[in-house]
Amino acid sequence: MVTKPVILGIADFQDVLKEPTIALEKLRELSFSGIPCEGGLRCLCWKILLNYLPLERASWTAILAKQRELYAQFLREMIIQPGIAKANMGVSREDVTFEDHVSRSPPRGRRLRGGERGGLWSGRLCPDISFFQRATEYPCLLILDPQNEFETLRKRVEQTTLKSQTVARNRSGVTNGRSLTEAGGPSGGTLTRPSLAEHAEADTFFCFTNLMAEIRDNFIKSLDDSQCGITYKMEKVYSTLKDKDVELYLKLQEQNIKPQFFAFRWLTLLLSQEFLLPDVIRIWDSLFADDNRFDFLLLVCCAMLILIREQLLEGDFTVNMRLLQDYPITDVCQILQKAKELQDSQ
């Protein structure tokens, strides 16, 4: 009988986070088993695990102030000033971010191939989840300033409602957003609940930047076949499967089901498209806590295959491709436990 891993209590995390110097290995150990969403613990732990906050607590206030000002500078230089320049040149006032190639996503239903990786992460938010429908309590004042003549982006920020036709049906899940908006933490100062909510955009930007810096090799075509590239990692999922379940491996090989058909998305998007959003967040607790930086992700992918082995062994090519490209919604704790078993058996 499979038992769910126990998420450790708030006090366990607070004991680690209150120390003048955070014990990183202890924090990783705790976070790997799941971070409580209460009290802003998750957002604080993620900041540390993603190297946005250093281990020395005394430096947090100064670093956060510096980074948040840097983000405001980015907005002025990359968004506001180009918009004003266009307006001064008589060009129609438009949202310059619309022209950024990073924001482009492939046409719906078309699979990305190697080299077509712009937009893999962008455009992936879920507008049908209530959290993404609500207007923020802390809109960017730099954007809202009527003096910047940046009309279209200002209107977007001022928008209070996003229409959705698939709220009840979307497999990404509908949530009241509580676990996503919990802020605060045991640290006080600039990490109090109102401060974290007010600066969530800037902090998220730098956490995301650090995350992408660590997985950027997945998106560089020239590195595909190197040991740090995406092709190697996809093949690593299969080689691990061969070691752990050779019968299933041979079945997929026999049907010519290549890891590129499903593992590319699993790996490059960190499973964010495969599960309900709260489950994705739980998986990320373990991934961010991985001291080898996402080696555990390969084991999670292998565990996902093994846990539906009976269906895969019975299915033909079409059935199995459908299973792998639309993974059955399941208990992610079971997947994480299986991945941990695979890790311990290595």
Side-chain angles (χ1 to χ4, degrees), residues 1-14 16 25-46 48-50 126 129 131 170-182 211 215 236-237 240-241 243-245 248 262-263 265-312 323-346:
M1 179 177 179
V2 177
T3 57
K4 293 184 179 180
V6 177
I7 296 181
L8 298 171
I10 296 175
D12 298 294
F13 285 85
Q14 289 177 332
V16 173
E25 291 307 314
K26 181 62 176 178
L27 181 62
R28 283 176 171 164
E29 179 184 345
L30 292 174
S31 300
F32 187 87
S33 297
I35 307 172
C37 62
E38 294 82 5
L41 285 172
R42 176 172 278 124
C43 67
L44 179 55
C45 290
W46 281 15
I48 298 170
L49 295 172
L50 292 173
C126 306
I129 294 179
F131 172 77
N170 191 281
R171 67 172 281 151
S172 296
V174 178
T175 175
N176 61 15
R178 182 176 182 274
S179 65
L180 300 179
T181 55
E182 289 286 356
L211 171 62
I215 64 173
K236 183 68 173 177
V237 173
T240 303
L241 179 65
D243 290 338
K244 306 300 182 182
D245 192 331
L248 178 57
F262 60 93
R265 187 177 72 187
W266 291 8
L267 295 172
T268 55
L269 298 181
L270 305 184
L271 299 172
S272 61
Q273 298 293 292
E274 314 311 319
F275 302 102
L276 303 176
L277 185 56
D279 290 337
V280 173
I281 291 173
R282 170 60 192 92
I283 292 172
W284 284 5
D285 285 343
S286 296
L287 296 185
F288 294 167
D290 181 10
D291 58 351
N292 291 317
R293 281 314 191 200
F294 308 118
D295 282 357
F296 188 67
L297 175 60
L298 303 178
L299 296 175
V300 171
C301 294
C302 186
M304 290 169 63
L305 296 172
I306 293 174
L307 288 174
I308 58 170
R309 73 181 307 274
E310 299 305 323
Q311 296 163 272
L312 292 171
L323 275 172
L324 295 171
Q325 294 187 344
D326 188 13
Y327 193 82
I329 296 177
T330 187
D331 182 357
V332 297
C333 290
Q334 186 179 11
I335 295 174
L336 291 171
Q337 180 171 325
K338 184 63 178 179
K340 187 66 169 66
E341 291 174 3
L342 296 176
Q343 185 182 59
D344 292 342
S345 66
Q346 288 182 336

Q. How would you list, by chain and number, every residue that makes a salt bridge (Lys or Arg N to Asp or Glu O under 4.0 Å) with K338, sequence neighbours excluded?
A.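 K338 satisfies salt bridge (Lys or Arg N to Asp or Glu O under 4.0 Å) with E341 only.
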Q. Listed by chain and number, what are the salt bridge (Lys or Arg N to Asp or Glu O under 4.0 Å) partners of D290, not counting sequence neighbours?
A. none
Check whether any side-chain heavy atom of [X] lies under 4.5 Å from a side-chain heavy atom of [Y], and answer yes or no.
{"X": "F296", "Y": "L336", "result": "yes"}
{"X": "L44", "Y": "F13", "result": "no"}
{"X": "L30", "Y": "V16", "result": "yes"}
{"X": "D291", "Y": "F32", "result": "no"}
{"X": "L271", "Y": "L297", "result": "yes"}
{"X": "F294", "Y": "L267", "result": "no"}

Is it the case that the side chain of [X] and the backbone of [Y] share a donor-acceptor pair, with hydrogens and angles ignored and the cut-off at 3.5 Å?
{"X": "R282", "Y": "S33", "value": "yes"}
{"X": "D12", "Y": "G9", "value": "yes"}
{"X": "W284", "Y": "L270", "value": "yes"}
{"X": "R265", "Y": "Q325", "value": "yes"}

Q | Step-by-step side-chain hydrogen bond (donor to acceptor under 3.5 Å, both in side chains) determination, K244 to S345 | A | CA-CA 9 Å; K244 306 300 182 182; S345 66; 2.8 Å; yes
Q | Candidate pair L211 and F288, rule side chain to side chain contact (heavy atoms under 4.5 Å, CB included), full reasoning | A | CA-CA 9 Å; L211 171 62; F288 294 167; 3.9 Å; yes
How long is the span from the [atom1] atom in [X] to the [atom2] atom in [Y], to the nearest 0.5 Å?
{"X": "D285", "Y": "I35", "atom1": "CG", "atom2": "CD1", "value": "4.0 Å"}
{"X": "L287", "Y": "I281", "atom1": "CG", "atom2": "CD1", "value": "12.5 Å"}
{"X": "Q343", "Y": "D295", "atom1": "CD", "atom2": "CG", "value": "9.0 Å"}
{"X": "S31", "Y": "K26", "atom1": "OG", "atom2": "NZ", "value": "10.5 Å"}
{"X": "L324", "Y": "W266", "atom1": "CG", "atom2": "CH2", "value": "5.5 Å"}
{"X": "L27", "Y": "L49", "atom1": "CG", "atom2": "CG", "value": "5.0 Å"}

Which side-chain N or O atoms in residues 301-309 pair as donor and acceptor under 3.5 Å with protein atoms at least two apart or in another chain?
from : atom 1 : to   : atom 2 : distance (Å)
R309 : NE     : D245 : OD2    : 2.5
R309 : NH2    : D245 : OD1    : 3.1
R309 : NH2    : D245 : OD2    : 3.3
R309 : NH2    : E247 : OE1    : 3.2

Q. If you draw a 6.0 Å radius around NZ in K236, do more than 12 non-hydrogen atoms from other residues or ligands fall strictly inside?
A. no
